[in-house]
Amino acid sequence: MKKYELKKINEYFLRIKEKNDFLSKLFDYFSSSNVEFGFLGGSVRAAIRGEASMPRDLDIVFDEDDKDFDAFLNRLSVGFKRNSFGGRKIESDNMEFDIWSLSSHHLIAEKLYQKDFKNVTRTTFINYDSVFYDWTKQKLFDNYSKCARESLIDFVGNKKYQKFNTQVDMTICKLALLNNQGFSLSENVENYISNYINSYFDDESLFDKNDFLESFIYNYNRHYGFNLNDETRNTIYKFILRYLGDVTKGC
């Protein structure tokens with residue numbers, strides 16, 4: 001990546017740091033403790049695109065023993081909840097933080113990938129989310145930019161590890177919204193969605209279409225902490241119905 005592009009990413013996160021006291025303390029702690037860390041996912045996408053608005057949340061991965069980091073949080077009297085993959089969920093100054101140690105991060109914690117920052121992007125399931133900026137080493141690991149250029153959503157990492165995605169409903173909702181924005185889906189992604197949806201219907205007599213659709217919306221709202229508007233709900237409904245096919249005939 002060219003230096004001016006790295007500069008743009010750095011300026012983005014420094015601007016957030018100036019406005020968020022907790023993030024500022026994180027920077028100071030990681031720096032003074034010589035802890036390597038970086039940012040994952042949506043905030044890095046926003047930095048690459050040069051967005052001016054503050055992100056709703058930040059995903060951070062660091063390389064330190066969990067007990068040492070928790071001791072740091074305790075010294076700050078910062079409370080946290082456990083997120084879906086064993087990290088910490090913290091709210092500060094109207095921003096939400098999801099923070100993991102490298103060793104406890106999802107598929108790395110499962111020993112499916114080696115403990116290395118270059119493997120963080122391989123744990124994110126789809127290429128749209130597969131971007132990590134190592135702040136300490138000023139290095140970008142990026143599958144997102146190609147995804148954006150080609151407008152194509154595909155899987156990253158080893159296909160056999162897809163079974164470790166514990167938030168499939170939320171992922172499918174996200175794919176619906178990306179598809180509505182103009183992103184195409186690879187054949188692998190299309191087949192994954194179809195197989196997942198049709199796996200529900202061993203007994204068609206038990207199928208209730210409205211309850212089924214609402215279960216996706218419920219899980220998406222629970223994950224992101226807000227309620228979708230009617231237009232967005234309808235976009236997701238229409239997307240999922242595309243994959244029901246013959247399953248709903250006669251229901």
Side-chain angles (χ1 to χ4, degrees), residues 1-3 5-10 12-13 16 26 30 35-51 55-64 66 69 83-89 96-168 170-172 174-175 177-178 181 183-186 188-189 192 223-224:
M1 173 164 275
K2 297 178 180 178
K3 288 185 178 180
E5 293 174 318
L6 289 180
K7 181 181 178 183
K8 180 173 67 174
I9 295 174
N10 288 338
Y12 177 84
F13 287 110
I16 301 170
L26 275 182
F30 289 142
V35 174
E36 187 174 353
F37 76 103
F39 300 92
L40 172 68
S43 63
V44 188
R45 286 197 306 268
I48 291 172
R49 294 192 295 245
E51 294 183 7
R56 185 182 67 86
D57 55 26
L58 288 176
D59 291 347
I60 298 173
V61 184
F62 64 92
D63 189 11
E64 184 186 42
D66 284 289
F69 184 70
N83 61 24
S84 302
F85 299 116
R88 303 147 189 81
K89 186 175 289 291
E96 191 172 272
F97 295 80
D98 283 299
I99 308 175
W100 300 266
S101 69
L102 182 59
S103 60
S104 69
H105 185 61
H106 195 19
L107 298 184
I108 294 174
E110 299 285 347
K111 309 298 184 184
L112 301 177
Y113 292 114
Q114 291 183 341
K115 180 187 166 185
D116 193 311
F117 278 111
K118 69 180 181 182
N119 287 328
V120 171
T121 55
R122 303 174 71 187
T123 71
T124 57
F125 201 58
I126 59 173
N127 54 358
Y128 183 80
D129 296 323
S130 182
V131 58
F132 177 77
Y133 183 55
D134 186 326
W135 178 272
T136 306
K137 293 186 176 177
Q138 300 283 284
K139 187 172 183 179
L140 183 69
F141 301 93
D142 179 21
N143 291 308
Y144 160 73
S145 293
K146 182 180 179 182
C147 161
R149 286 194 306 271
E150 298 178 351
S151 296
L152 178 66
I153 304 296
D154 203 354
F155 294 125
V156 295
N158 194 315
K159 184 177 180 179
K160 67 182 180 181
Y161 298 158
Q162 292 168 10
K163 63 184 179 181
F164 289 93
N165 182 10
T166 60
Q167 301 175 326
V168 182
M170 187 274 293
T171 299
I172 289 177
K174 186 171 188 174
L175 291 170
L177 300 180
L178 289 170
Q181 293 171 20
F183 284 88
S184 299
L185 306 180
S186 73
N188 286 335
V189 173
Y192 177 87
H223 179 81
Y224 285 107

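All figures in this text were calculated on a predicted structure; none of them were measured in a lab.
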So how far is it from Ser130 OG to Leu40 CG, rounded to the nearest 0.5 Å? 8.0 Å

Run the side-chain contact (heavy atoms from CB on, under 4.5 Å) test against Asn10 and tell me which residues pass, sequence neighbours left out. Tyr133, Trp135, Gln138

What do you reckon, is CD of Gln114 surrounded by more than 12 foreign heavy atoms closer than 6.0 Å? no

Heavy-atom side-chain contact between Lys146 and Asn127 under 4.5 Å: no

Considering all heavy atoms, the nearest Thr136-Phe37 contact: OG1-N, 3.0 Å

Checking side chain to side chain contact (heavy atoms under 4.5 Å, CB included) for the pair Arg88/Asp66: CA distance, chi angles, key distance, verdict? CA-CA 10 Å; Arg88 303 147 189 81; Asp66 284 289; 2.5 Å; yes

Looking at CZ of Phe62 and OG of Ser104, how far apart are the two atoms once the value is rounded to the nearest 0.5 Å? 6.5 Å

Kindly compute the distance separating CG (Asn119) from OG1 (Thr124), expressed to the nearest 0.5 Å. 11.5 Å

Checking Thr121 side chain against Val131 main chain: does a donor-acceptor pair fall under 3.5 Å? no

Beyond-backbone contact of Phe125 with Thr171, side-chain heavy atoms, under 4.5 angstrom: yes

Just so I know, are the side chains of Tyr192 and Val168 near enough to count as touching, which here means a heavy-atom distance under 4.5 Å? yes

Nearest heavy-atom contact between Leu185 and Leu152 is C-CD1, 3.8 Å

Go through Leu178 and Tyr128 one step at a time and tell me if the side chain to side chain contact (heavy atoms under 4.5 Å, CB included) criterion holds. CA-CA 9 Å; Leu178 289 170; Tyr128 183 80; 3.6 Å; yes

What one should report as the nearest heavy-atom pair of Ile153 and Cys147 is CD1-SG, 3.7 Å

Which of parallel (below 30°), tilted (30 to 60°) and perpendicular (above 60°) describes Phe117 and Phe132? parallel

Atom pair CD (Glu96) and NZ (Lys89), whose distance is rounded to the nearest 0.5 Å: 4.0 Å

Tyr12 to Pro55 - nearest heavy-atom pair and separation: OH-CD, 3.4 Å

Side-chain heavy-atom pair Lys174, Asp129 within 4.5 angstrom cut-off: yes

Looking at CG of Leu26 and CD1 of Ile99, how far apart are the two atoms once the value is rounded to the nearest 0.5 Å? 5.0 Å

Which value, rounded to the nearest 0.5 Å, describes the distance between Ile172 atom CD1 and Leu177 atom CG? 12.0 Å

Do the non-hydrogen side-chain atoms of Phe69 and Trp100 ever get within less than 4.5 Å of each other? no

Please examine the side chains of Val44 and Phe13, heavy atoms only from C-beta on, and report whether any two atoms are closer than 4.5 Å. yes

Ser186 and Asp154: side chain donor to acceptor below 3.5 Å: yes

Can you tell me which residue pairs pass the salt bridge (Lys or Arg N to Asp or Glu O under 4.0 Å) test with a partner in residues 108-125, sequence neighbours excluded? Asp63-Lys115

